[in-house]
Amino acid sequence: RDEFFGGLRETTDVIPVKETTYEAFEKMMFFIYQKDIDWSGVTVLEMYDVVNLAERYIMPELMDEMMKQMENVPLANNEDLLNIAHTASEFHHLFPDVSSALLLSCAKFLQKTIPPSAQLQFAIDQSGTGKEVTVLQLLSLAKDLPPVECSNCGDVECKDGQGVVGIDEFTVGLKLRVNKSCAYWGVNGGPDAGKVYTVNSVNKNDNTVRTVHMTGGLLWYPIVWQNIPTFCYGCI
């Protein structure tokens with residue numbers, strides 16, 4: 001940083017800056033001059049170019065900003081998760097703090113999107129991809145995270161596929177699937193098997209719920225039929 005400002009700054013008209021990109025250097029200068037930086041569309045590799053400059057020119061404030069950006073890298077799916085986590089793993093020996101923050105963010109995404117019962121299969125599926133070590137890192141980090149409640153059933157141990165028992169369990173917005181073990185729907189769930197229903201309203205007087213499903217229909221259903229719950233939680 002002293003190359004550009006202060007008593008040790010360069011006095012030549014042109015200061016050569018090597019081993020970086022124009023885009024990364026521009027973002028560093030924007031940060032110095034407190035200009036707004038548009039991080040949307042910036043890849044993780046491009047962010048590491050800025051991290052490299054922050055370390056090279058001893059700019060702790062910029063490094064802190066890059067930590068925040070890494071913690072908020074958008075993850076849309078498991079492919080994003082693996083690619084970004086693998087990149088973080090590869091850069092960990094160079095930039096351990098920033099890479100650890102990015103890996104932790106990836107582990108939180110894994111915890112929220114892949115239930116514990118499916119994590120082993122997720123790891124097996126990555127066999128031969130070259131990302132096996134990265135997956136083990138993520139699983140290890142996720143294991144040590146505080147438990148997260150399911151956004152649908154509200155339980156730490158997700159109840160996906162379990163029967164919904166009791167009218168108080170039916171809350172507006174709850175996602176359901178038909179209980180294939182309940183004769184109300186016909187054999188093995190009948191034509192409604194696989195449909196996702198969302199609770200629209202609840203009638204506690206007669207133990208019925210009104211739901212809307214993907215075709216848009218609104219209908220009332222009993223919550224129990226022949227002593228068997230008519231619906232299961234549809235969390236996943």
Side-chain angles (χ1 to χ4, degrees), residues 17-28 31 37-153 155-161 233 235-236:
V17 180
K18 300 178 180 179
E19 297 180 359
T20 190
T21 65
Y22 172 82
E23 291 77 12
F25 185 77
E26 180 183 53
K27 285 177 173 56
M28 182 183 74
F31 184 83
I37 301 174
D38 182 8
W39 294 104
S40 62
V42 179
T43 68
V44 170
L45 284 174
E46 290 169 339
M47 287 188 183
Y48 271 111
D49 287 333
V50 182
V51 170
N52 181 45
L53 289 175
E55 182 168 281
R56 185 192 306 179
Y57 295 111
I58 315 174
M59 299 177 65
E61 299 90 351
L62 179 55
M63 190 65 82
D64 289 343
E65 175 63 22
M66 295 315 300
M67 288 275 287
K68 293 177 185 176
Q69 294 302 324
M70 290 293 192
E71 289 170 352
N72 291 287
V73 168
L75 297 168
N77 49 48
N78 289 345
E79 184 178 358
D80 278 355
L81 169 68
L82 285 172
N83 289 337
I84 290 173
H86 192 62
T87 299
S89 182
E90 289 183 322
F91 278 98
H92 194 273
H93 68 290
L94 294 173
F95 312 111
D97 292 341
V98 170
S99 298
S100 293
L102 183 53
L103 281 168
L104 183 60
S105 178
C106 290
K108 290 178 179 177
F109 180 84
L110 181 148
Q111 183 194 44
K112 289 179 181 178
T113 57
I114 305 177
S117 59
Q119 288 177 6
L120 176 59
Q121 186 59 51
F122 173 72
I124 293 172
D125 291 342
Q126 312 319 313
S127 177
T129 65
K131 299 173 182 175
E132 297 88 347
V133 174
T134 299
V135 173
L136 291 178
Q137 281 182 294
L138 290 176
L139 292 176
S140 178
L141 287 170
K143 177 176 65 68
D144 294 330
L145 290 172
V148 175
E149 292 181 353
C150 173
S151 60
N152 186 51
C153 68
D155 205 321
V156 170
E157 295 293 332
C158 180
K159 297 178 181 177
D160 182 61
Y233 292 98
C235 303
I236 300 174

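The chain is numbered in sequence order, starting from 1.
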Report yes or no: does [X] contribute a side-chain atom to a donor-acceptor pair with the main-chain N or O of [Y] at less than 3.5 Å?
X    : Y    : answer
Q111 : P146 : yes
S140 : L136 : no
E132 : G130 : yes
E55  : V51  : no

Would you say that T113 contacts N77 through its side chain, given a criterion of any heavy-atom pair below 4.5 Å between the two side chains?
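A side-chain contact under 4.5 Å is absent here.
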
Let me confirm one number: the [atom1]-[atom2] distance from [X] to [Y], rounded to the nearest 0.5 Å.
X    : Y    : atom1 : atom2 : answer
L138 : L110 : CG    : CG    : 6.0 Å
F109 : I84  : CZ    : CD1   : 9.0 Å
W39  : E65  : CH2   : CD    : 6.5 Å
L94  : Y48  : CG    : OH    : 9.0 Å
L139 : F122 : CG    : CZ    : 7.5 Å
N78  : I114 : CG    : CD1   : 4.0 Å

Taking atom CD of Q121 as the centre, does the number of heavy atoms from other residues, nucleotides or ligands within less than 6.0 Å exceed 12?
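Yes, the 6.0 Å shell around CD holds more than 12 heavy atoms from other groups.
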
Take a 6.0 Å sphere around CD of E26 and say whether it holds more than 12 heavy atoms from other residues, nucleotides or ligands.
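Check passes, neighbour count above 12.
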
Could you walk me through whether V42 and K27 pass side-chain contact (heavy atoms from CB on, under 4.5 Å), step by step?
CA-CA 11 Å; V42 179; K27 285 177 173 56; 3.7 Å; yes

Specify the closest pair of heavy atoms between [X] and [Y], including all atoms of both residues, with the distance to one decimal.
X    : Y    : value
M70  : L102 : O-CD1, 3.3 Å
T134 : S89  : OG1-CB, 3.9 Å
A88  : L103 : CB-CG, 3.8 Å
L45  : F91  : CD2-CE1, 3.6 Å
L53  : M28  : CB-SD, 3.9 Å
C153 : C158 : SG-CA, 4.0 Å

Before giving the answer on side-chain contact (heavy atoms from CB on, under 4.5 Å), spell out for K131 and N83 the whole-Å C-alpha distance, their side-chain angles and the decisive distance to 0.1 Å.
CA-CA 9 Å; K131 299 173 182 175; N83 289 337; 2.5 Å; yes

side-chain contact (heavy atoms from CB on, under 4.5 Å) between D155 and C150: does it pass, once the steps are laid out?
CA-CA 5 Å; D155 205 321; C150 173; 5.5 Å; no

Residue pair K159 / N152, side-chain donor-acceptor N/O under 3.5 Å:
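The criterion, which ignores hydrogens and geometry beyond distance, is not satisfied for N152 and K159.
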
Walk me through it: do T21 and E46 pass the test side-chain contact (heavy atoms from CB on, under 4.5 Å)?
CA-CA 9 Å; T21 65; E46 290 169 339; over 6 Å; no

